[in-house]
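Accompanying notes for the structure given below.
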Amino acid sequence: MTRIRSISLRRVLDSRGNPTVEADVLTESGGFGRAAAPSGASTGEYEAVERPPTEAIAAAREHAVPRIEGLFAGDQREVDAVLRAADGTDDFSEIGANSAVAISMATAKAAADVLGAPLYQHLGGAFRGDNFPIPLGNVIGGGEHARDATHIQEFLAAPVGAPSVVEAVFANAAVHAAVAEELDERDVPAAKGDEGAWAPAISDAEAFEVMDAAVETIEDEVGFEIRFGLDVAAAELYDSDEEVYVYGDETKTRAEQIAYVAEMIDEYDLAYVEDPLDEDDFEGYAELTERVGVAGARPSQAGDCLICGDDLFVTNTDRLQTGIDVGAGNSILIKPNQIGTLSDAFDAVELAHRNGYDAVVSHRSGETEDTTIAHLAVATDAAYIKTGTVGGERTAKLNELIRIADDAV
Ligand SMILES: O=C(O)[C@@H](CO)OP(=O)(O)O
Ligand SMILES: [Mg+2]
């Protein structure tokens, strides 16, 4: 296996027009990998720390790069362990999780390049199964991703019955278009939010109706089952002083929030609900999961509703273990930049799967053309991949998924 010759770091643009960190890794035998860090807007309190790119780059150049140059590119765990040691904190607050994740992902790509293998195969191994993740497509959204739109952050199309990845991807795009038509009929204008979802100034109740209608239209057209789901991003709605969830002029107590989410799951046969409660409320997640979900059985395979922890778990095995111990949720969102390295992200998926939890690999609201998460989702046999519906930085991942399925990467 070949050693890492050099690592270059630079600032590039993300989809919001903000700077982010890009890393190039070059090996002695000429293997090359390039990756860029994404960036969240509704970030969890317990995520690894993203530093301003200029500072993150300077700190990584000083502390991490000299220690990683010379390591074997294919020894991902070693590279990631050295990244952690070079950082010296629990949350990557020295070199920045943005520098760390860019270097970690670029290393994996360089190693795959050396092997002449696609990234998903390098990460997943030659004997991975032939399952593919179902794409969750954000088609209506608000919260932290768009002003004056819905309180619930994301309404996500879930083409659970699609016979292939390509049909699933196109079904989500069709639902996105059908939502536009539905809004048009209701005379509701809509711009787009950070992830390319429509961001109309409608109530959450109306958004449920629009989703239901759009999904049904496309389901009839394509002839396979499409359900939908939510990212409530409830930590952003939660007022910890008053201990209520704030929906504009209305509030819900914790019990009301649990009852509301359970009712929506029942009424709309939701396939997926992410972050239904505050990021500190493991017990609340457990209560809701017991009420509506199936714990401990890879529930997506039984067609049940996933109750997924994003801000709750932040791709962190300690927090996931806490959740597993009390039965909080039945799935985990996997965002490599929440934890800082690919090794940590893999550990989180493994712990989830060992305990019957599903994994959902996810983009961030601020993205680049980087396609690593498409490969990660396939490599880890994730149930779903959440990576938007339209817009270049979103379609980059979706088109890569199609290429992977077509054996064309
Ligand atoms: O909450 C989320 O799941 C993500 C991605 O949709 O948003 P952000 O990247 O802003 O945290
Ligand atoms: Mg989320």
Side-chain angles (χ1 to χ4, degrees), residues 14-18 20 36-50 97-98 101 133 135-147 149-158 172 176 192-199 228-238 245 261 270 272-279 281 285 306-316 319-320 323 329 331-340 345 348 358-368 370 372-374 376-377 382 384-391 393-394 396-398:
D14 79 5
S15 54
R16 274 193 278 256
N18 295 327
T20 188
S39 175
S42 66
T43 45
E45 191 182 333
Y46 303 102
E47 291 194 19
V49 173
E50 175 189 320
N98 36 354
V101 82
L136 286 168
N138 187 0
V139 292
I140 302 179
E144 292 295 301
H145 295 166
R147 292 173 73 91
T150 54
H151 299 295
I152 290 175
Q153 183 178 282
E154 298 164 27
F155 289 79
L156 303 149
N172 281 354
H176 188 270
K192 288 182 192 164
D194 283 353
E195 295 182 356
W198 300 110
F228 70 98
L230 312 172
D231 180 359
V232 182
E236 304 292 339
L237 303 175
Y238 191 59
Y245 293 88
V261 174
L270 300 180
Y272 178 83
V273 178
E274 181 183 323
D275 281 354
L277 292 152
D278 182 54
E279 60 204 328
D281 194 1
Y285 270 77
L306 294 195
I307 307 295
C308 186
D310 170 14
D311 293 346
L312 181 74
F313 296 140
V314 291
T315 318
N316 179 314
R319 291 185 65 85
L320 176 59
S331 53
I332 178 175
L333 205 71
I334 300 291
K335 292 169 167 170
N337 82 317
Q338 268 183 337
I339 192 71
D358 271 307
V360 178
V361 173
S362 172
H363 65 168
R364 303 305 307 246
S365 48
E367 268 294 341
T368 69
D370 192 285
T372 307
I373 60 165
L376 180 62
Y384 287 101
I385 180 169
K386 185 174 89 155
T387 187
T389 307
V390 295
E393 73 282 2
R394 316 292 153 187
K397 282 83 164 160
L398 296 168

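What you see below is based on every heavy atom in this structure, not just the backbone, and it leaves out hydrogens, waters and symmetry mates. Remember, it's 1-based here, ligands and their atoms both numbered in the order they're listed.
- With a heavy-atom cut-off of 4.0 Å, Glu195 touches ligand 1 through its side chain alone.
- In terms of protein heavy atoms, atom 2 (C) of ligand 1 is closest to Lys335 NZ, 3.1 Å.
- Of all protein heavy atoms, the one closest to atom 8 (P) of ligand 1 is Ser365 OG, 3.4 Å.
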Check step by step if side-chain contact (heavy atoms from CB on, under 4.5 Å) holds for Gln338 and Asp310. CA-CA 9 Å; Gln338 268 183 337; Asp310 170 14; 2.8 Å; yes

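- Scanning both residues, Ala36 and Asp370, for their nearest heavy atoms gives N-OD2, 3.0 Å.
- A donor-acceptor pair is defined here as one N or O able to donate and one able to accept, closer than 3.5 Å; no such pair exists between the side chain of His145 and the backbone of Lys192.
- If you run side chain to side chain donor-acceptor pair (under 3.5 Å) between Asn337 and each of Arg364, Glu50, Glu47, only Arg364 comes through.
- Asp275 and Tyr285 share a side-chain donor-acceptor pair at under 3.5 Å.
- Formation of a donor-acceptor pair under 3.5 Å by the Ser365 side chain with backbone atoms of Gly40 is not found in this model.
- Panel note: side chain Asp278, backbone Asp281; no donor-acceptor pair is recorded below 3.5 Å.
- Any protein N/O/S atom under 2.8 Å from the Mg ion (ligand 2) was counted, giving 3 altogether.
- With Asn138 contributing its side chain and Glu195 its backbone, the two residues share no donor-acceptor pair below 3.5 Å.
- Every atom of ligand 1 is numbered from 1 in the order shown, and the set under 4.0 Å from a heavy atom of Asp310 is 1 (O), 2 (C), 3 (O).
- A distance-only check finds a donor-acceptor pair linking the side chain of Trp198 to the backbone of His176 [under 3.5 Å].
- Looking from atom 1 (O) of ligand 1 to the surrounding protein, the closest heavy atom is Gln153 NE2, 2.9 Å.
- Counting only distance, with no hydrogens or angles, the side chain of Thr20 and the backbone of Ala37 share a donor-acceptor pair below 3.5 Å.
- When only interatomic distances are considered, the shortest N/O to N/O separation between Gly40 and ligand 1 does not fall below 3.5 Å.
- Which parts of ligand 1 touch Arg364 is read off a 4.0 Å heavy-atom cut-off, strictly below it: atoms 8 (P), 9 (O), 11 (O).
- Listed by number with element, the atoms of ligand 1 under 4.0 Å from a non-hydrogen atom of His145 are 6 (O), 7 (O), 8 (P), 10 (O).
- Evaluated for a side chain to side chain contact (heavy atoms under 4.5 Å, CB included) with Ile339, the options Thr315, Ile334, Val314 yield exactly one hit, Thr315.
- Checked by distance only, ligand 1 and Ser39 stay at 3.5 Å or farther apart across all their nitrogen or oxygen atoms.
- Checking only distances, Ser362 never comes within under 3.5 Å of ligand 1, N or O to N or O.
- By the 4.0 Å heavy-atom criterion, Ser42 is counted among the residues contacting ligand 1.
- Among all protein heavy atoms, the one lying closest to atom 3 (O) of ligand 1 is Lys386 NZ, 2.7 Å.
- Residue contact check for ligand 1: Glu154 places a non-hydrogen atom closer than 4.0 Å to it.
- Shortest non-hydrogen contact noted between Ile332 and Cys308 is C-SG, 3.5 Å.
- When each of Lys335, Lys397, Arg16 is checked for a salt bridge (charged side-chain N to carboxylate O under 4.0 Å, His left out) with Glu367, only Lys397 meets the rule.
- Residue contacts with ligand 1, taken as heavy atom pairs separated by less than 4.0 Å, involve Asp231 solely via side-chain atoms from C-beta onward.
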